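This report concerns only the one structure given below.
All values below were derived from every heavy atom in this structure, side-chain atoms included, with hydrogens, water molecules and symmetry-related copies excluded. If you're wondering where the values come from, they're calculated on a predicted model, not measured in any experiment.
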Number of protein chains: 2
Amino acid sequence: MGRQQARSDASTARALDTALKLFSHQGYGATSMREIASQSGLSVGNLYHHFGSKEAIFQRLIDRYWEALLDSELDLNRVFTRGRFPEDLEEMAAAIEQVVERHQEEILLIYVDVIEFRGSHIRTFYESMADRFQEAYASSFEEARGSGRLGEVNPLVAVMVASRWLFYFFTVEKCFGVPMHFGMSPNQAVDEFARILRFGVLPRPGEAEASPDARKDMVQERGRTR
Amino acid sequence: MGRQQARSDASTARALDTALKLFSHQGYGATSMREIASQSGLSVGNLYHHFGSKEAIFQRLIDRYWEALLDSELDLNRVFTRGRFPEDLEEMAAAIEQVVERHQEEILLIYVDVIEFRGSHIRTFYESMADRFQEAYASSFEEARGSGRLGEVNPLVAVMVASRWLFYFFTVEKCFGVPMHFGMSPNQAVDEFARILRFGVLPRPGEAEASPDARKDMVQERGRTR
DNA sequence: CAAAACAAAACGATCGTTCGGTTTGTAGTT
DNA sequence: AACTACAAACCGAACGATCGTTTTGTTTTG
């Protein structure tokens, strides 16, 4: 790779970064090529030289996010391939928080795509993701249920509900700027969700006497925090 | 109200309806006043005569959605004021589905606001909504927990998680066009979610023998459906 | 006849894109 | 090491279209 290439790479990277920032924070239609050009230090002509069109820049950003999500080194993918749900629920939450934190703007980009392009840039990706998910967990759950580690619920639905909820929870908090902590800290909210998912909201008859009072007090205290 | 007013009302209503359709399906910045004018049968000048600016139209749409949500005749509000969670979980789901079904485009508008206006048109509304929610449920839950109808989880968090999840579930399905049924029908998916919320994903020790095999078969069958 | 409802042209700005031209880097030749 | 040729990187003006808004006027209504 010669120096000419390196110069080009640095420029396209800068252009993509500023385009990501602009698209995600004001939408695709409301962002102009001149804006991308001036804020990234390139000329408009050079932008077209490298990308060809405005929509191609958007597509490149979606693709970049895609590849980052498929990285097997990603904590979240390690949690998924391990298949230890629901024991490692807290680790799953941390991994999802990490993804949302790292890819805040790319996640907003998906909502931009849904609204301004009817989701055309991400639809096929999402469907393939759901399939991959289903395959990865289907086998490990047969074993888990056989060994009595799971209750009566469909475990595939359970892991989908859990991961989707966590994704939604952190997205609303970090990307939309509307915290959903219900008067608690983020960690407490996640803990409370994990408890609901594991034990349900109804009292568990067998454990009514077994659980110490300290736990009930803890729940009370959480409800009061502001 | 004279005939002049009636003519105006019909025009503004038509303008708002087409503006809603356009804003929600292609975003605010990508929708032009000429587009709204031609598709609603008004002239551009008349549009400005009635609304003053493009953003005022957007604001009016948000306000209209707001008022619809505050209607005490709304099924969802009846469920909320009744405060029978989690017994009426299925009714809550139906009421939320009704709201999402009826206000598909307004819900998309909220995402438009989040992206193109940083949520400035809806933020205060959302916060007041959360407060109202908290007040409405706080008292009824003290009683519910005292009578042993609820388990160890914070009931306020539980009802928030439930309603938010259902809202998210139906929004993704109806507004984004990406069903999250995990290979089941929408009703089955809701049932499964209700089961998770009530009983949790872990086996309930006291009920292991009490539950008939038919139930387990049902769960199995659901998992297989496609 | 005054006021409200409506229409259409016009305004300045900005849009995505194209195009002609310059600079920069590299490989090949002497 | 100097020179040449060429392609890629880069710039900024220009194009036609369209943007939100204003202006000027006409029609409708009480």
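Around the CZ atom of A:Arg102, the shell of radius 6.0 Å holds no more than 12 heavy atoms that belong to other residues, nucleotides or ligands.
Listed pair A:Ser32 / C:dC15 meets the phosphate criterion, a side-chain N or O lying under 4.0 Å from OP1 or OP2. Between B:His49 and C:dC6, a side-chain N or O to OP1/OP2 separation shorter than 4.0 Å is absent.
Put simply, NZ on B:Lys54 is 8 Å from P on D:dT21, counting in whole angstrom units. As rounded to whole Å, 11 Å separates atom P of D:dC19 from atom CD1 of B:Ile36. For the pair B:Arg34 CZ and D:dA17 P, the interatomic distance rounds to 14 Å; values are reported in whole Å. Residue A:Met33 contributes atom CE, which lies 15 Å from atom C1' of D:dG12 at whole-angstrom precision. The CG atom of B:Asn46 sits 15 Å away from the C1' atom of D:dT22 (whole-angstrom rounding). What separates CD of A:Glu55 from P of C:dC15 is a distance of 18 Å, to the nearest Å. Per the geometry, OH belonging to B:Tyr48 stands 5 Å off C1' belonging to D:dT21, to the nearest Å. Rounded to whole Å, atom P of D:dG20 lies 15 Å from atom CZ of B:Phe51.
Nearest-nucleotide assignment on DNA chain C puts the 5′-proximal partner with B:Ser43, out of B:Ser43 and A:Ser53. Comparing A:Thr12 and B:Gly45 by the nucleotide of DNA chain D that holds the closest heavy atom to each, the one mapping nearer the 5' end is A:Thr12. Along DNA chain C, the nucleotide closest to A:Tyr28 and the one closest to B:His50 are compared, and the more 5′ of them pairs with B:His50.
At a threshold of 4.5 Å between non-hydrogen side-chain atoms, the residues A:Tyr111 and A:Thr171 count as touching.
Across all strands, B:Thr31 comes closer than 4.0 Å only to sugar-phosphate atoms, never to a base (heavy-atom distances).
Nearest nucleotide to the A:Ser11 side chain, out of C:dG16, D:dC10, C:dA7: D:dC10.
Checked against a 6.0 Å centroid threshold, the rings of B:Tyr126 and B:His121 do not count as neighbours.
Under the 30°/60° scheme for interplanar angles, the aromatic rings of B:Tyr28 and B:Phe58 are found to stand perpendicular.
Taking each heavy atom of B:Lys174 and B:Gln104 in turn, the nearest pair found is O-OE1, 3.3 Å.
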